[in-house]
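Here's the structure we're looking at; comments come further down.
Read the numbers this way: they start at 1 and go in the same order the structure lists the ligands and their atoms. Note: hydrogens, waters and symmetry copies are ignored here, and every other heavy atom, side chains too, is used.
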Amino acid sequence: MIEKLKSMLGLDIKEEKYALIDDPFFGKVAKEKAPDEWVRSTCGYCGVGCGLYIGVKEGDPVYVKGDPDHPVNRGTLCPKGLSEHEMVRAPSRLPGAMIKKNGRFEQVTWDEAFRVTSDAFKEIQAKYGKSAVACISTGQLLTEEFYTLGKFVQLGLETNNYDGNTTLCMASAVMGYKQSFGSDGPPGCYEDFSHAEVIMLIGANIADNHPILKLHIARNKKVRGKKPTIIVVDPRHSKTANMADIYLPIKPRTDLAFINGLCYIIWEQGWMDETFINERTVGYKEFIKDIQKYPPQEVAHITGIDVKRLYEVARFYAGADAAMSAWTMGVNQSAMGTDTVSAIVNLALMTGNLGKPGGSPFSITGQCNAMGTRESGFTSSIPGYRNFASAEDRREYAEIVGVPEELVPTSRGFAYPQIIEAIERGEIKALWVVATNPLVSYPDQPRLRKALAKLEMLVVQDSFMSDTAELADVLFGAATWSEKTGTYTNSERRCNLAKKSVPNYKDSKSDFEIVVEFSKYFDGKYERLFNGWSKPEDAFEEWKKVSKGRLCDYSGMTYEKIEKLGGIQWPCNDEHPEGTPRLYDEGMKTSNAEGKPKFVFADWFPMEENICTAFPLILNTGRTVEQFHTRTKTGTIKILEDLAPEAWVELSPKDAEKLQVKSGDRISLSSPRGRVDDVIVRVTEVVGEGTVFVPFHFNEQLVNRLTQSLFDPKSFEPNYKQTAIQLHSEKVPEGIKLAEEEIAGALGYEKIESEKEMMVVSQKGAGI
Ligand SMILES: Nc1nc2c(c(=O)[nH]1)N[C@H]1C(S)=C(S)[C@@H](COP(=O)(O)OP(=O)(O)OC[C@H]3O[C@@H](n4cnc5c(=O)[nH]c(N)nc54)[C@H](O)[C@@H]3O)O[C@H]1N2
Ligand SMILES: Nc1nc2c(c(=O)[nH]1)N[C@H]1C(S)=C(S)[C@@H](COP(=O)(O)OP(=O)(O)OC[C@H]3O[C@@H](n4cnc5c(=O)[nH]c(N)nc54)[C@H](O)[C@@H]3O)O[C@H]1N2
Ligand code: SF4
Ligand SMILES: [Mo]
């Protein structure tokens, strides 16, 4: 048998290195092909938080396998997780610290990079004030790193102009939860997908973007004995819509009106859970007065979902023993994202779906540590969900970490878009960008690029030569996933351990090391903030103290326990030593003054940048399963690149006919801000007439050249999903471009680059 196996593997059976060994994942395998060891860890891409093993051979990661014992994924992984090891030694990795000299990057010692940067920061702060230095960070660092970074920026550099890419992503969910519960914190968990009778997915394409969650939906039949009713709300018939029993092709950005309408019907029909409302909530009476503005006929007109369907959905939702709504970017990334989140919570409160198995409003988080960074960071609150405005919170935090109280900021600084505006105005002169790539991901790129050109100093801390890194004056080359140890907290508040399995790439340093060592270049800061810290676990121990007694309580966790249990869901403390699956069950108070969840009403309003003759289509942007964000990682993985090598534009058959294009043709897209060329056409009924979809991953076909500077006023999250645009094919008569340019001028934008020919698709467009 062994001989047969050896010959099957094409091995020279005489050589010792080909001796067969028992590998835990591969079984009998030649020693040369088997990893030297398997290191247990967590995926570093998305917020699902899958457990995995990294196969290491001679100091390099060579395989990834799903952890069969992990409660999140039970051994499965999506294509990104499975190929994650392939990006770790990519040639586009930054080798260490680098400085741009005469227009070219040269690798330098860390001492030189830290000296040059700290001198520049000090000079700028002396000249223009502390807040002239800003930092934009990420939801992709380990909690230990993020906590360390936030502490240094706020209490070391003493600038509160500190925000991150989480504002492009989860900020609306955070603000929505704050409005409704008095604090951030997703109430539900993945298990709810297996217990719910009705699952409504709103603006969440889990089939592409959180594929492993489907596992929990698939278990539903096993748990309950029958299949759940799945409702998918999305203007685009995404892969997730294929799973739906009821698919609702809602008109773009009308979800708030839709949810208000469901609440109206539930009230009108008396389908609400009165006991729950009376005993467990506040604000219902006022809410019902306001909701009168959303009778079904009106809502059908706004949303494009007919009245009969609205009643059917309301009946299913209110009639279920347990119903959950899960949402992602279709809701958050909108000028009314925060209020739509609160509307989703209202629906849950009205139907008694909170704090019970299968019943919850549930935001699915995007990045691997979007949660950990929300809790431990200094972005919109003091670590541990403390309020900047509360003297008691400031005092408490200062006391725990042993810093003078005056050092803790009394209010948050600028949010991400405000930082960009402050750079535009010349108030912020130095920017430190950590683990995010704005030059692909931020909206209204022409404006961003102009703003960044005004900086005196741009420092980029990244693991790869990203688009933003190319623009930097100084690069801090960071170690990445599999090269460092710490924790990520996933969508369901589960804190998982990610472990170092291989040496750092070349001279790169972990983000933790970079921040701690950099602090030594500022007088007394290391001693004050990080005295004695030598490893990420030191930061974790402080974070446990800081979070103790708070909603996001980590005090009962240790690395060993996290690993043993396959992650732990906060709050975890003496009372709940193994964590807490759900928040806000009957006995648990919310953090607002009333101690109960609140109904929060908000009005829907039409889009600001409406479609018009010159820009008659709505551009929707998003993701595909093979690529991650700005592709610094997935772009280095051959199989993923081969599967999705470039952007495409999805176009309805009717719009394709008007434009006289077919699948495979290449067209251009323009908006009042810019233009994207050479995008391949996919004619498909996935998108409705008047709307198109383009993934945002590709820097060559950069859709964020088209998106606008429009943000939710409460969360500052960009309105990425609806942009009025025009399409251009070669077959269209000239002349119409004048109309487009005229309108661009009237809108106060610079003239659009001249185009060969263009066409105006029907002014009716999306019909909204
Ligand atoms: N493969 C892959 N997975 C990822 C990522 C990745 O880049 N690649 N990124 C991760 C991150 S950080 C995030 S935030 C998540 C994002 O995960 P998702 O939110 O699922 O991703 P998107 O594709 O941006 O948008 C989701 C859906 O919103 C829909 N939508 C657009 N407009 C509207 C609207 O007005 N109403 C409604 N109801 N829906 C609308 C879009 O058509 C789209 O299908 O994915 C995570 N997972
Ligand atoms: N049009 C449009 N635009 C969007 C969106 C959309 O739906 N439509 N979605 C938005 C959303 S939800 C998100 S989350 C953002 C994401 O946008 P970005 O945050 O810009 O995307 P990433 O490519 O994930 O950037 C992470 C960076 O961190 C680097 N990195 C990786 N590992 C490490 C590490 O360990 N340490 C350090 N220091 N660096 C590391 C990577 O190389 C990369 O450059 O995009 C937003 N932009
Ligand atoms: S679903 Fe998310 S966490 Fe799981 S393997 Fe895929 S990218 Fe990683
Ligand atoms: Mo995100």
Side-chain angles (χ1 to χ4, degrees), residues 42-52 64 66-67 70 72-73 76-84 138-140 164-171 173 200-215 232-241 248-256 258-259 303 326-337 340 344 363-370 436 441 481 488 490-491 496 607 618-631 633-634 640 644 650 686-688 691 693 695-697 717 719-722 766 768:
T42 304
C43 180
Y45 281 114
C46 91
V48 173
C50 296
L52 48 74
V64 166
D67 178 352
H70 201 279
V72 164
N73 56 311
T76 60
L77 291 172
C78 84
K80 292 188 305 303
L82 272 172
S83 54
E84 199 160 4
T138 184
Q140 292 173 53
N165 66 3
T166 38
T167 290
L168 315 181
C169 181
M170 299 311 302
M200 184 149 78
L201 296 166
I202 315 173
N205 178 12
I206 60 167
D208 271 301
N209 304 322
H210 299 100
I212 299 304
L213 290 184
K214 291 197 299 180
L215 214 84
V232 171
V233 189
D234 195 318
R236 172 175 177 247
H237 196 285
S238 65
K239 286 179 205 160
T240 305
L248 303 175
I250 194 168
K251 282 190 198 168
R253 219 187 60 180
T254 61
D255 304 77
L256 179 53
F258 165 67
I259 307 281
T303 61
W327 76 91
T328 318
M329 292 307 127
V331 169
N332 289 348
Q333 286 173 344
S334 133
M336 55 187 89
T340 309
I344 294 170
S363 56
I364 307 168
T365 51
Q367 305 169 78
C368 54
N369 200 27
T436 183
S441 56
W481 174 87
Y488 295 133
N490 76 0
S491 301
N496 282 313
M607 289 194 215
I618 295 291
L619 167 71
N620 174 8
T621 63
R623 299 161 162 76
T624 185
V625 66
E626 301 86 357
Q627 296 288 6
F628 188 74
H629 295 165
T630 71
R631 282 166 59 245
K633 296 200 277 190
T634 47
L640 300 179
E650 290 171 6
V686 159
V687 290
T691 64
F693 174 86
F696 84 97
H697 307 293
E717 184 147 345
N719 192 94
Y720 279 122
K721 298 280 189 254
Q722 302 89 21
I768 48 176

Closest approach of any protein heavy atom to atom 2 (C) of ligand 1, naming residue and atom: Gln627 O, 3.4 Å

Thr634 side chain near His697 side chain, heavy-atom distance below 4.5 Å: no

Residue and atom name of the nearest protein heavy atom (relative to atom 15 (C) of ligand 1), distance in Å to one decimal: His210 CE1, 3.6 Å

Closest approach of any protein heavy atom to atom 25 (O) of ligand 1, naming residue and atom: Lys721 CE, 3.4 Å

Cationic N near anionic O, under 4.0 Å, Asp208 to Arg623: no

Residue pair Asn165 / His629, side-chain donor-acceptor N/O under 3.5 Å: no

Trp481 and Glu84, any side-chain heavy atoms less than 4.5 Å apart: yes

Sidechain-backbone polar pair: Lys80 side chain, Glu626 backbone, donor-acceptor under 3.5 Å: no

For atom 13 (C) of ligand 1, the option (of Ala370, Gly366, Gly330) bearing the nearest heavy atom: Gly366

Heavy atom of the protein closest to atom 36 (N) of ligand 1 (residue, atom name, distance): Asp255 OD1, 2.8 Å

Heavy-atom side-chain proximity of Thr240 to Asp234 below 4.5 angstrom: no

Which segment of Cys169 sits under 4.0 Å of ligand 1 when only heavy atoms are counted: side chain

Atom indices of ligand 1, in the order listed, that fall short of 4.0 Å to a heavy atom of Arg253: 34 (C), 35 (O)

Which segment of Asn205 sits under 4.0 Å of ligand 1 when only heavy atoms are counted: both

Residue, atom name and distance, where the atom is the protein heavy atom closest to atom 18 (P) of ligand 1: Asn209 ND2, 3.3 Å

Test item: Asn719 side-chain N/O and Ala335 main-chain N/O as donor-acceptor pair under 3.5 Å: yes

Top protein contact for atom 12 (S) of ligand 1, by heavy-atom distance: His629 NE2, 2.9 Å

Side chain, backbone, both or neither: Ile364 near ligand 1, heavy atoms under 4.0 Å: neither

Atoms of ligand 1 close to Asp208 [distance to a heavy atom under 4.0 angstrom, numbered from 1]: 1 (N)

Side-chain heavy atoms of Pro235 within contact of Thr691, under 4.5 Å: no

Side-chain (Thr138) to main-chain (Thr436) donor-acceptor, under 3.5 angstrom: no

Check: Gln333 N/O within less than 3.5 Å of ligand 1 N/O: no

Atom indices of ligand 1 within 4.0 angstrom of Arg236 heavy atoms, with elements: 42 (O), 44 (O)

Atoms of ligand 1 close to Lys80 [distance to a heavy atom under 4.0 angstrom, numbered from 1]: 1 (N), 2 (C), 3 (N)

Heavy-atom donor-acceptor pair, Gln333 side chain to Glu717 backbone, under 3.5 Å: no

Main-chain N/O of Ala644 paired to Gln627 side chain as donor or acceptor, under 3.5 Å: yes

Numbering as shown, the atoms of ligand 1 that approach His697 to under 4.0 Å (heavy-atom distance): 7 (O)

Close N or O approach (Met329, ligand 1; < 3.5 Å): yes

Donor-acceptor contact below 3.5 Å, side chain Asn332 vs main chain Met170: no

Min heavy-atom dist Thr624 to ligand 1 below 4.0 Å: yes

Protein heavy-atom partner closest to atom 26 (C) of ligand 1 - residue, atom, separation in Å: Gly203 O, 3.5 Å

Residue Ala204 vicinity, atoms of ligand 1 by number, heavy atom under 4.0 Å: 20 (O)

Per-atom contacts, ligand 1 versus Asn620 - under 4.0 Å to a heavy atom: 31 (C), 41 (C), 42 (O)

Donor-acceptor under 3.5 Å (Thr621 side chain, Tyr720 main chain): yes

Close N or O approach (Pro252, ligand 1; < 3.5 Å): no

Heavy-atom nearest neighbour in the protein, as seen from atom 44 (O) of ligand 1, with distance rounded to 0.1 Å: Asp234 OD2, 2.6 Å

Met329 side chain reached by Asn209 side chain, heavy atoms, under 4.5 Å: no

Heteroatom proximity flag, Gln367 to ligand 1, N/O under 3.5 Å: no

Closest to atom 6 (C) of ligand 1 (judged by heavy-atom distance), picking from Met170, Gln722, Arg623: Arg623

Side-chain (Ser491) to main-chain (Val48) donor-acceptor, under 3.5 angstrom: no

Check: Ile202 and Ile259 side chains under 4.5 Å, non-hydrogen atoms: yes

Metal environment of atom 8 (Fe) of ligand 3, protein N/O/S under 2.8 Å: Cys43 SG

Check: Val233 and Trp327 side chains under 4.5 Å, non-hydrogen atoms: no

Heavy-atom check, side chain of Val331 versus side chain of Ile344, under 4.5 Å: yes

Val625 N/O under 3.5 Å from ligand 1 N/O: yes

Ser238-ligand 1 polar pair, N/O distance under 3.5 Å: no

Minimum heavy-atom distance between Gly622 and Lys721, given as atom pair plus value: CA-NZ, 4.1 Å

